[in-house]
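What follows is one structure encoded as structure tokens, with my remarks underneath.
Every chain is numbered from 1, with letters handed out A, B, ... down the list of sequences. All figures in this text were calculated on a predicted structure; none of them were measured in a lab.
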Amino acid sequence: MPIFGIFDNNNFYASCEKLFAPRLKDRPVVVLSNNDGCVVARSAEAKALGIPMGAPWFKLQDLARQHEIVAFSSNYELYADLSDRVVQVLRLFTPNLEVYSIDESFLSLDGFSHLDLADYGRQIRERVLQWVGLPGCVGIGPTKTMAKLANHCAKNGFAGNDGVCNLLALSAVDLDDLFGRIKVGEVWGVGRKIDARLQEMGISSVRDLRDADPAMIRSRFSVVLERTVRELNGVSCLSLKEVAPDKQQIMCSRSFGEPVYELDDLLDAVATYMSRAAEKLRQQQGVAAALMVFLQTNPFKPAEPQYHPSMTLPLPDPTSDTRVLVQWGLRVVKRLYRRGYAYKKAGVMLSGIQPEGMSRGSLFDSQSSTDAKAGNLMALMDGINQKWGRGAIRLATEQQHHPWQMRRDRMSPRYTTSWDELPGVLAK
DNA sequence: CTATAACTCTCAA
DNA sequence: CTAACGTTGAGAGTTATAG
């Protein structure tokens, strides 16, 4: 029987910001989504003030002034770097690990059953705290779903207050009692909709779901929730994925800093997003067989005329060439654009992704040498941008300053990845 | 009618 | 000063379409 652990950082983005602002140690801190729109992370103090996840920041202004809440724009470079450091530490504790998200990793603890697993969990969180400076919790169980649940228990004091919960150490009676006290909505894979439907059926606790008939759950819901039921019964259905598979689709979309009316601005924005998407595509040595572009007005202003067009365009020849993708993307924008709407968001998606070189012809194709040159050019651009920072070199259509660029008024410095932004360095 | 494609829904971080 | 509400990806299930 496998043993899964999961390490999950507490309030990850907020903890990253506090790490470099010690004076904020006991202050309420929130981190905002792109465009400084919604609250996506809250420190313990901010949670205590009742700020819900996803709350629009502009609605919290009174509360913020009242309690001197400190808000940061999302600083993804900083968070990504700290996340990498956390993973480095975790790798010291197990050779088999799945980086599940920026702040969560599953650990295989197979073959560690001779250890006191809860104690091992405490060592893990202490080491991460000491070496990286970020707090986290550890959950342990016989399945991924149970490990996630254990993590929830560890975070919320269901099982002591040492930040670790090992469900494998509980007797059947204690597990029963614990599952009876946890709401079914806390289970991994049970979101708002499914929660409501389960409630209607009288399934309100984790124990209720665990004891439900899998066949019934499958017929009334899906094979996915059936697997969840089995996992809650200790039958492992979800395995550790140590290598992330290549993406099947690649998206890039943004809300605009302010409403956009002009076609030219939309063309600019979509060219920029398409360039980003193409970079990601090349990072996995892929080519795309289709692209999709969408535009959106602001759905939060229902009184204004709404327009949410999108169009998918199959590409005659799968490619990762920024110039080709941007050209097609811009053609689509021109087709979709209607004068008179206040556009608030746009995005692109690349799909039909295959490994490059597999596409068509290649060896005897008369185009192959021009394709190779295009590939060299793209690689050169990617290299320069990687060395000198995103946007150092770009196509002429991507200009510099734009009304559509997102707001990021409250950014902290990139303390760990940019010398220029270290406080005091400039002054010297 | 079947196989596939396209689209919708749900979830997660 | 005002106005101001995220992004990315997966997978399953359903519906539309092609042959």
Side-chain angles (χ1 to χ4, degrees), chain A residues 6 8-14 30-42 51-62 64 71 73-74 76 79-80 83 98-106 144-145 148 151-152 185-198 217-228 237-238 241 244-259 273 276-277 280-281 284 289-290 292 294 296-302 304 310-314 342 344-353 403 406-410:
Chain A
I6 185 165
D8 189 334
N9 279 110
N10 301 342
N11 322 322
F12 183 60
Y13 293 176
V30 300
V31 178
L32 306 177
S33 64
N34 275 347
N35 224 20
D36 294 344
C38 300
V39 173
V40 294
R42 307 154 292 160
I51 298 173
M53 186 66 163
W57 176 236
F58 74 90
K59 287 187 176 176
L60 298 176
Q61 292 314 294
D62 287 345
S73 303
S74 293
Y76 292 112
Y79 311 149
S83 174
E98 172 185 341
V99 179
Y100 176 69
S101 74
I102 195 161
D103 70 334
E104 279 178 79
S105 291
F106 284 104
K144 280 184 161 181
T145 304
K148 289 276 280 185
N151 196 269
H152 173 260
E186 302 296 342
V187 173
W188 190 34
V190 177
R192 235 189 17 247
K193 292 275 170 62
I194 292 176
D195 187 16
R197 286 171 60 196
L198 287 170
I217 292 292
R218 179 174 196 149
S219 69
R220 302 271 287 267
F221 293 88
S222 68
V223 59
V224 180
L225 196 63
E226 181 197 6
R227 274 199 292 260
T228 300
C237 305
L238 305 171
K241 293 181 184 59
D246 285 345
K247 309 275 184 239
Q248 303 170 20
Q249 51 184 27
I250 290 171
M251 272 196 76
C252 182
S253 73
R254 291 273 176 295
S255 298
F256 303 140
E258 49 190 89
Y273 304 161
R276 276 294 297 139
K280 292 190 210 173
L281 180 60
Q284 66 176 49
M292 189 270 277
F294 70 86
Q296 260 189 37
T297 51
N298 188 345
F300 296 103
K301 291 186 171 177
E304 293 187 359
S310 78
M311 185 182 288
T312 300
L313 185 75
K344 191 64 174 104
K345 182 176 180 177
V348 306
M349 183 193 295
L350 301 176
S351 57
I353 295 177
M406 68 178 177
R407 267 191 291 272
R408 288 178 103 176
D409 298 336
R410 326 176 74 95

Presence of [X] side-chain N/O under 4.0 Å of [N] phosphate oxygens OP1/OP2:
X: A/Ser255; N: C/dT7; value: yes
X: A/Ser222; N: C/dA12; value: no
X: A/Asn298; N: C/dC5; value: yes
X: A/Arg407; N: C/dA3; value: no
X: A/Gln61; N: C/dA3; value: no
X: A/Lys345; N: C/dT7; value: yes
X: A/Arg197; N: B/dT10; value: no
X: A/Lys148; N: B/dA13; value: yes

Any-strand Watson-Crick or G-U partner of C/dT8, both distances under 3.5 Å: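 Its partner is B/dA12 (Watson-Crick or G-U wobble, both distances under 3.5 Å).
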B/dT4: pairing nucleotide in any strand, Watson-Crick or G-U under 3.5 angstrom: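 Answer to the pairing question: C/dA16, which forms a Watson-Crick or G-U pair with B/dT4.
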Over all strands shown, is [X] touching base, sugar-phosphate only, or nothing at heavy-atom distances under 4.0 angstrom?
X: A/Leu32; answer: nothing
X: A/Tyr100; answer: sugar-phosphate
X: A/Lys241; answer: nothing
X: A/Val187; answer: sugar-phosphate
X: A/Lys247; answer: sugar-phosphate
X: A/Trp188; answer: sugar-phosphate
X: A/Ile194; answer: sugar-phosphate
X: A/Arg227; answer: sugar-phosphate
X: A/Gln248; answer: sugar-phosphate

Atom pair CD1/CH2 of A/Ile51 and A/Trp57 - distance to nearest 0.5 Å: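 Rounded to the nearest 0.5 Å, the CD1-CH2 separation comes to 6.5 Å.
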Atom pair NZ/CD of A/Lys345 and A/Gln296 - distance to nearest 0.5 Å: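 Taking NZ in A/Lys345 and CD in A/Gln296, the distance rounds to 5.5 Å.
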Please give, in whole Å, the distance from [N] [atom2] to [X] [atom1]?
X: A/Asn34; N: C/dT7; atom1: CG; atom2: P; answer: 6 Å
X: A/Ile217; N: C/dA12; atom1: CD1; atom2: C1'; answer: 16 Å
X: A/Tyr13; N: B/dA12; atom1: OH; atom2: P; answer: 17 Å
X: A/Ile250; N: C/dT7; atom1: CD1; atom2: P; answer: 18 Å
X: A/Asp36; N: C/dT2; atom1: CG; atom2: P; answer: 18 Å
X: A/Met53; N: C/dC5; atom1: CE; atom2: C1'; answer: 14 Å
X: A/Met311; N: B/dA6; atom1: CE; atom2: C1'; answer: 15 Å
X: A/Asn151; N: B/dA12; atom1: CG; atom2: P; answer: 14 Å

Checking [X] side chain against [Y] main chain: does a donor-acceptor pair fall under 3.5 Å?
X: A/Glu98; Y: A/Lys241; result: yes
X: A/Thr145; Y: A/Thr228; result: no
X: A/Asn11; Y: A/Ala41; result: no

Earlier contact from the 5' end, DNA chain C, for A/Pro56 and A/Phe221: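 In this pair, the answer is A/Pro56.
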Residue closer to the 5' end of DNA chain C, A/Val223 versus A/Gly257 (nearest nucleotide):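 It is A/Gly257 whose nearest nucleotide is closer to the 5' end.
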Nucleotide of [options] approaching [X] most closely (side-chain heavy atoms):
X: A/Ser253; options: C/dT7, B/dA12, C/dC5; value: C/dT7
X: A/Thr312; options: B/dC7, B/dC11, C/dG9; value: B/dC7
X: A/Met251; options: C/dT8, C/dA12, C/dG6; value: C/dT8
X: A/Asp103; options: C/dC5, B/dA13, C/dT8; value: B/dA13
X: A/Lys280; options: C/dG9, C/dC5, B/dA13; value: C/dG9

Closest non-hydrogen atom pair, A/Asn151 against A/Ile6: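 Closest heavy-atom pair between A/Asn151 and A/Ile6: ND2-O, 3.5 Å.
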A/Tyr79 and A/Phe12 aromatic ring geometry - parallel, tilted or perpendicular at 30°/60° bounds: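 A/Phe12 vs A/Tyr79 ring planes: perpendicular.
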Within 6.0 angstrom of A/Arg408 CZ, more than 12 heavy atoms from elsewhere: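 Buried by this count: over 12 neighbours within 6.0 Å.
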